[in-house]
Amino acid sequence: MTDQPSSPSSVRAEDDFDPVSALSSRFRVALSRAFSDLPDAHAAAQGADPLISPSRNRQFGDFQSNAAMPLAKVAGMPPREVAKRIIRHLDLGDLAEPITEASIAGPGFINITLRASALSRLLGVLDAPDLGLPPLPADQRRTVVVDLCGVNLAKQMHVGHLRSIIIGDCVARAIERVGHRVVRQNHVGDWGLPIAMVTDKLMRMRAGGEDIDRLDLDAIEKIYKAAQADCAADERGLAAARRWWSHPKAMAELETQVSGAREALASAKATLVKLQSGDEATRRVWQRIADTTMRECLSVCARLGADVRAEHSAGESSYADELETLVKDLLDRGVAEIDDGAVVVRVVGIEEPCIVRKSEAGGGGFLYATTDMAAIRRRVRGLGASRVVYCVDARQGLHFKQVFGAAIRAGYADLPSGEHASLEHAAFGTILGQDGRPFKTRSGENVKLTSLLNEAAARAGEAVAAKNPDLAPGEAAVIAETVGVAAIKYADLSSDRIKDYVFSFDRMLSFEGNTGPYLLYAVVRIRSIFRKAAERGIDDSASDRASFGIAAPEEKDLALALLRYPASVRAVADHLEPHRLCQYLYDLASAFSAFVTNCPVLQAPDDATRRSRLELCRLTDRVMSDGLTLLGIRPLDRM
RNA sequence: GUCCCGGUAGCUCAGUUGGAUAGAGCAGCCGCCUUCUAAGCGGCAGGUCGGGCGUUCGAAUCGCCCCCGGGACGCCA
């Protein structure tokens with residue numbers, strides 16, 4: 001969901017390493033000249049997109065332009081005639097083989113075959129330190145807030161957090177990589193009645209003489225669940241029991257339970273008030289919960305290779321002091337109105353209004369929509385964001401629609417330019433178990449991330465030991481951990497994020513096909529070649545950097561794949577779709593595997609070929625490693 | 001009931017702005033290791049793109065209607 005179209009992160013006038021943009025600019029020139037005698041067609045062709053895309057089938061060349069067909073109608077001539085006019089004015093220079101009428105195929109496709117010399121030159125341009133993704137000029141550089149992780153206090157890290165961390169981290173890295181300033185925000189659920197319930201229970205435990213400082217997160221989570229159960233009054237059950245004249249004993253039990261729950265709830269509410277008013281003793285216990293939770297959260301993020309650190313935390317509690325004035329501001333300016341006693345903001349196009357304050361009858365408290373509006377205001381005004389990306393479960397879709405609409409209506413997303421910040425929900429689907437139901441343990445509990453990671457590492461360890469028994473135990477352990485984490489992350493990132501996906505250790509760790517381990521293996525093979533080269537005394541130093549010689553079909557395919565890298569990264573940054581980079585890296589790894597099985601590197605027929613192929617290996621390693629890093633996966637030397 | 005998201009090969013998934021004969025991987029079958037890790041490469045087979053109607057030179061892609069699955073729907077977060 002995007003409330004305004006996200007602009008391309010950066011499209012330079014001449015991306016000269018990218019064949020698509022090089023060909024596009026040549027075609028634009030031809031299009032602007034092809035219809036100078038026909039005013040209508042001329043006008044249409046001026047702004048027309050050359051529609052350059054990689055050919056799907058090799059028999060049609062390397063690239064094709066589909067520009068002729070859409071212009072045929074307005075030009076009033078058959079599309080093949082349009083194509084003929086275009087190629088008559090087309091000058092591809094030494095970029096491609098000559099374009100003739102034989103290049104026009106089907107209804108009017110113009111097929112283009114790049115020259116080997118051009119590929120070689122383009123690779124040379126790509127082979128710069130920034131790999132085709134240079135720093136942005138200041139006027140194009142934006143500040144982007146990425147909302148990710150979003151843990152709750154007093155709860156273990158479980159699969160429900162996995163996608164937000166993995167996708168959020170990847171999206172943040174990609175946006176950063178194309179040159180923007182990224183501010184990560186971990187919107188920690190650390191406020192409100194549920195947290196007050198645990199705090200309350202812990203305080204009573206301490207008053208009873210228990211040493212609560214010894215409790216780990218596991219213990220705290222159990223207390224959290226117990227506290228919730230304590231407060232869950234079965235009011236309806238009691239009412240129904242009274243109405244139906246239930247057995248006195250059952251009635252009595254229900255009454256006891258309900259009155260106990262009312263007591264616990266009242267106590268928790270009192271603790272909430274103390275917490276909100278800054279009572280020191282209460283605050284200390286709350287802080288203890290927060291510290292324990294965050295220590296665990298950050299260590300799991302670190303293990304996942306996700307850049308989520310303490311300084312990224314912006315808990316709901318940090319907005320608490322702003323909510324009162326925020327709601328007043330909304331009411332004062334007529335943005336909000338009273339409805340059934342509650343304060344709501346209506347958003348055009350959405351039936352349900354956004355509730356920012358409960359009615360008096362409901363307690364008059366604030367809701368998570370209130371906090372989210374305060375967060376938007378701080379992110380745009382305080383942090384200077386012109387784009388805010390929420391990596392949050394798809395089920396929050398309506399909530400974000402409401403909050404985004406309300407924040408925009410309130411002017412909280414306004415930028416100095418007069419436009420408003422782009423607020424985007426990078427929604428993702430649910431992780432399912434083999435049964436197609438949300439992924440849970442056999443007993444119905446959430447699967448803890450630590451146990452998930454442990455199992456992945458253990459299974460990866462078995463596979464690594466079987467495939468490569470020569471590794472030293474210490475290195476093998478590191479490799480197992482990296483491979484296991486990579487398998488989980490890649491499985492999460494490689495399909496369209498909006499869809500649910502079925503979690504399967506067997507598939508993600510099968511190490512065949514489109515998996516994390518396959519990509520790691522491609523890099524390992526490259527590095528193995530360089531190790532062998534060093535053993536054989538082959539000088540691969542860059543002092544006399546060889547040029548890229550493109551002759552074999554596998555070399556050409558590899559070259560074409562390499563040149564697509566910058567566009568793939570931009571696709572992730574612009575559209576928040578990590579699976580496009582995954583697909584790209586899989587294509588590149590496949591192209592490399594085909595290359596390496598058919599084109600001997602160290603035993604190449606001649607010295608120039610060997611040096612050229614080594615350069616292809618080196619560049620492939622750089623692109624693969626850069627791309628894997630953007631996915632949050634650490635490349636390996638061996639596995 | 002209203003709204004959102006899915007439905008593509010036996011299974012898991014890609015499919016860019018509407019472009020050529022809808023692509024991968026797994027599973028199945030057939031080849032390829034005295035040579036840089038076979039965790040690999042090549043090939044065969046496998047499809048009413050949920051269904052229908054429409055728009056278009058051209059539809060998996062756009063529009064409308066239906067079917068199936070999941071989800072969300074005012075004072076929880």
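Atoms considered below: every heavy atom in the structure, side chains included; atoms not considered: hydrogens, waters and symmetry mates. Letters A, B, ... are given to chains in the order of the sequence lines, protein chains preceding strands, and every chain is numbered from 1.
- For A/Ser359 and B/C75, a side-chain-to-base donor-acceptor distance below 3.5 Å is present, hydrogens and geometry of angles not being considered.
- Of the possible polar contacts, none joining the A/Asp190 side chain to the A/Leu153 backbone as a donor-acceptor pair under 3.5 Å is found.
- Residue A/Tyr368 has its side chain nearest to B/A77 when only B/G19, B/A77, B/C41 are considered.
- Residue-level contact check: A/Gln59 touches the bases, meaning some heavy atom is under 4.0 Å from a base atom.
- Rounded to the nearest Å, the gap between the C1' atom of B/U35 and that of B/U21 is 38 Å.
- Residue A/Tyr586 has its side chain nearest to B/G25 when only B/C36, B/U56, B/G25 are considered.
- Look at B/U61: it lacks any Watson-Crick or wobble partner with both distances under 3.5 angstrom.
- Atom P of nucleotide B/A72 and atom CD of A/Glu351 are separated by 19 Å, given to the nearest angstrom.
- A salt bridge is absent between A/Arg531 and A/Glu535: the closest approach of a Lys/Arg side-chain nitrogen to an acidic carboxylate oxygen does not fall below 4.0 angstrom.
- One finds no side-chain N or O of A/Arg527 lying less than 4.0 angstrom from the OP1 or OP2 phosphate oxygen of B/C36.
- The separation of B/C49 from B/G6, taken at their C1' atoms, amounts to 14 Å, rounded to a whole angstrom.
- Using a cutoff of 4.0 Å between basic side-chain nitrogens and carboxylate oxygens, A/Arg395 and A/Asp393 are scored as salt-bridged.
- Residue-nucleotide stacking is present for A/Phe109 and B/A20, judged by a side-chain ring centre under 5.5 Å from the six-membered base ring centre and planes under 30° apart.
- With B/G74, B/G40, B/A77 as the candidates, the nucleotide lying closest to the side chain of A/Asp339 is B/G74.
- Under 3.5 Å, the side chain of A/Gln396 and the base of B/A72 form no donor-acceptor pair of N or O atoms.
- Taking the C1' atom of each, B/U56 and B/C44 are spaced 37 Å apart, rounded to whole Å.
- Under a 4.0 Å N-O distance rule, the pair A/Arg618/A/Glu615 qualifies as a salt bridge.
- Side-chain proximity of A/Arg395 to the nucleotides B/C36, B/G74, B/A72 is greatest for B/A72.
- Pairs passing the ring-ring contact (aromatic ring centres under 6.0 Å, His included) check and including a residue from residues 48-78 of chain A, sequence neighbours excluded, do not occur.
- Distance, A/Phe404 CZ to B/C4 C1': 15 Å, rounded to whole Å.
- Ring-centre distance between A/Phe505 and A/Phe503: below the 6.0 Å cut-off.
- Straight-line distance from the NE2 atom of A/His399 to the C1' atom of B/C73: 14 Å, rounded to whole Å.
- RNA chain B is contacted by both A/Val596 and A/Glu352; A/Val596 maps to the nucleotide lying nearer its 5′ end (nearest heavy atom per residue).
- Comparing the P positions of B/C11 and B/A27 gives a spacing of 16 Å, expressed to the nearest Å.
- Residue A/Ile355 is classed as a base contact, given a heavy-atom separation below 4.0 Å to a base.
- Spacing of C1' atoms, B/G54 relative to B/A39, comes out at 50 Å, to the nearest Å.
- Contact annotation for A/Cys599: base contact, defined as any heavy-atom pair under 4.0 Å involving a base atom.
- Note on A/Tyr518: every side-chain N or O is 4.0 Å or more away from OP1 and OP2 of B/C26.
- The CD1 atom of A/Ile112 sits 15 Å away from the P atom of B/A20 (whole-angstrom rounding).
- Taking atom CG of residue A/Leu71 and atom P of nucleotide B/C57, one finds them 15 Å apart after rounding to whole Å.
- One finds a salt bridge joining A/Arg58 and A/Asp557 here, because a Lys/Arg side-chain nitrogen approaches an Asp/Glu carboxylate oxygen to under 4.0 Å.
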Enumerate the protein-to-nucleotides 7-14 of chain B contacts in which both atoms are nitrogen or oxygen and the separation is below 3.5 Å.
{"residue": "B/G7", "atom": "OP1", "partner": "A/Lys499", "partner atom": "NZ", "Å": "2.9"}
{"residue": "B/U12", "atom": "O2'", "partner": "A/Arg507", "partner atom": "NE", "Å": "3.3"}
{"residue": "B/A14", "atom": "OP1", "partner": "A/Asp496", "partner atom": "N", "Å": "2.4"}
{"residue": "B/A14", "atom": "OP2", "partner": "A/Lys499", "partner atom": "NZ", "Å": "2.7"}
{"residue": "B/A14", "atom": "O2'", "partner": "A/Gln583", "partner atom": "OE1", "Å": "3.2"}

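- Checking the phosphate oxygens (OP1, OP2) of B/G40, no side-chain nitrogen or oxygen of A/Lys467 falls inside 4.0 Å.
- For B/A20, its base sits under 3.5 Å from the side chain of A/Asn111 at one donor and acceptor pair at least.
- Taking 4.0 angstrom as the limit, A/Arg56 places a side-chain polar atom (N or O) nearer than this to OP1 or OP2 of B/A20.
- Comparing B/C5 with B/G10, their C1' atoms sit 26 Å apart, to the nearest whole Å.
- Between the P atom of B/C73 and the CG atom of A/Leu398 lies a distance of 7 Å, rounded to the nearest Å.
- Per the geometry, CZ belonging to A/Arg531 stands 13 Å off P belonging to B/C36, to the nearest Å.
- Between the side chain of A/Arg536 and the backbone N or O of A/Leu602 there is no donor-acceptor pair closer than 3.5 Å.
- Distance, A/Glu554 CD to B/C36 P: 18 Å, rounded to whole Å.
- Between A/Tyr390 and A/Phe404, the distance separating the two ring centers is shorter than 6.0 angstrom.
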